[in-house]
Amino acid sequence: APLKYIFLFSRPLEMSAKKPVPFLRQVVPVRKKVHRDPRFDDLSGEYKPEIFMKTYSFLDSIKKQEKEMVQKQLKKCRNTEQKEKLQQLLNRMTQQEQAQKKQQKVRERELSLKRQQRELAKQGKKPFFLKKSEKRKLELAEKYAELKRSGKLESFLNKKRKRNAIKDKRHLPSQKNL
């Protein structure tokens, strides 16, 4: 018996053919699909980069294999257009890899700072949080140390000097204005 009532509600309305159809007729309401965006939905859980990296760490090995395949294809390729496309793909892969390493370094630095704060809090000291400017200074110091280690510090500083000189030249009055 309950199935009969379900069918009564889901079937279309029966209308007389002798009456003219009204302009604003009553239509059976259709349930609208609700689209969920996992980035903003609580049902998807909270995003934690450490857990995400551990869960999808197998992708790194797959990316490495793909990169090696592209390098092999690049060596074999004779067509200039195809070679150019492969080179662009290889460059994109290396850039993504470098960006991922950089993000990982930033995450590790933040985690180490948090650990230090926790240790200080356990000792009974008041927690101290760095400002953005202080964090930037630490990053710069780390970058310079890395450049010094790799021996690229001089070339980096020369490029920076040239960029600054060009900026300064723009602000100087030109000969035309004198």
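Keep in mind that what you see is a predicted model, and the values were worked out from it rather than measured.
Residues that satisfy the salt bridge (Lys or Arg N to Asp or Glu O under 4.0 Å) test with R36, not counting sequence neighbours, are D41. Shown here are the side chain to side chain donor-acceptor pair (under 3.5 Å) partners of R31, two or more places apart in sequence or in another chain: there are none.
Here K143 contributes atom NZ and L138 contributes atom CG; the two are 14.5 Å apart, rounded to the nearest 0.5 Å. Separating the CD atom in Q96 from the NZ atom in K67 is a distance of 10.5 Å, to the nearest 0.5 Å. M53 contributes atom CE, which lies 5.0 Å from atom CD of Q104 (distance to the nearest 0.5 angstrom). Atom-to-atom distance recorded for L113:CG and E108:CD is 12.0 Å, nearest 0.5 angstrom. In this structure, K64 NZ and M69 CE are separated by 15.5 Å, a value rounded to the nearest 0.5 Å. Atom CG of residue L89 and atom CD of residue E66 lie 8.5 Å apart, to the nearest 0.5 angstrom.
Counting heavy-atom neighbours within 6.0 Å of E84 CD, excluding the residue itself, gives a total of 12 or less. For E81, the CD atom counts as loosely surrounded, since its 6.0 Å shell holds 12 or fewer non-hydrogen atoms of other residues, nucleotides or ligands.
The side-chain heavy atoms of Y144 and L157, taken from C-beta on, include a pair separated by under 4.5 Å. Taking the side chain as every heavy atom from C-beta outward, Q103 and V106 never approach each other to under 4.5 Å. Between Q100 and D60, the closest side-chain pair of non-hydrogen atoms falls below 4.5 Å. Here the side chains of Y47 and R39 are not in contact, with every heavy-atom distance at 4.5 Å or above. Annotation: side chain of E50 is in contact with side chain of R107 (closest heavy-atom distance under 4.5 Å).
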**Prompt:** Does the side-chain hydrogen bond (donor to acceptor under 3.5 Å, both in side chains) test come out yes or no for Q95 and N91, once each step is laid out?
**Reply:** CA-CA 6 Å; Q95 283 174 349; N91 289 345; over 6 Å; no

**Request:** Would you please test Q123 and L120 for side-chain contact (heavy atoms from CB on, under 4.5 Å) and show each step?
**Result:** CA-CA 5 Å; Q123 292 171 10; L120 289 171; 4.1 Å; yes

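When the options R161, K162, K160 are evaluated for a side-chain contact (heavy atoms from CB on, under 4.5 Å) with N164, the one that passes is K160. Of the listed residues (K105, R109, R136, R149), just one forms a salt bridge (Lys or Arg N to Asp or Glu O under 4.0 Å) with E142, and that residue is R109.
Connection of F129 to L111 is not established within any shared hydrophobic cluster, with ILVMFWY side chains joined at heavy-atom distances below 4.5 Å, either directly or through further cluster members. Taken together through direct or relayed side-chain contacts under 4.5 Å among Ile, Leu, Val, Met, Phe, Trp and Tyr, V70 and I62 form parts of separate hydrophobic clusters.
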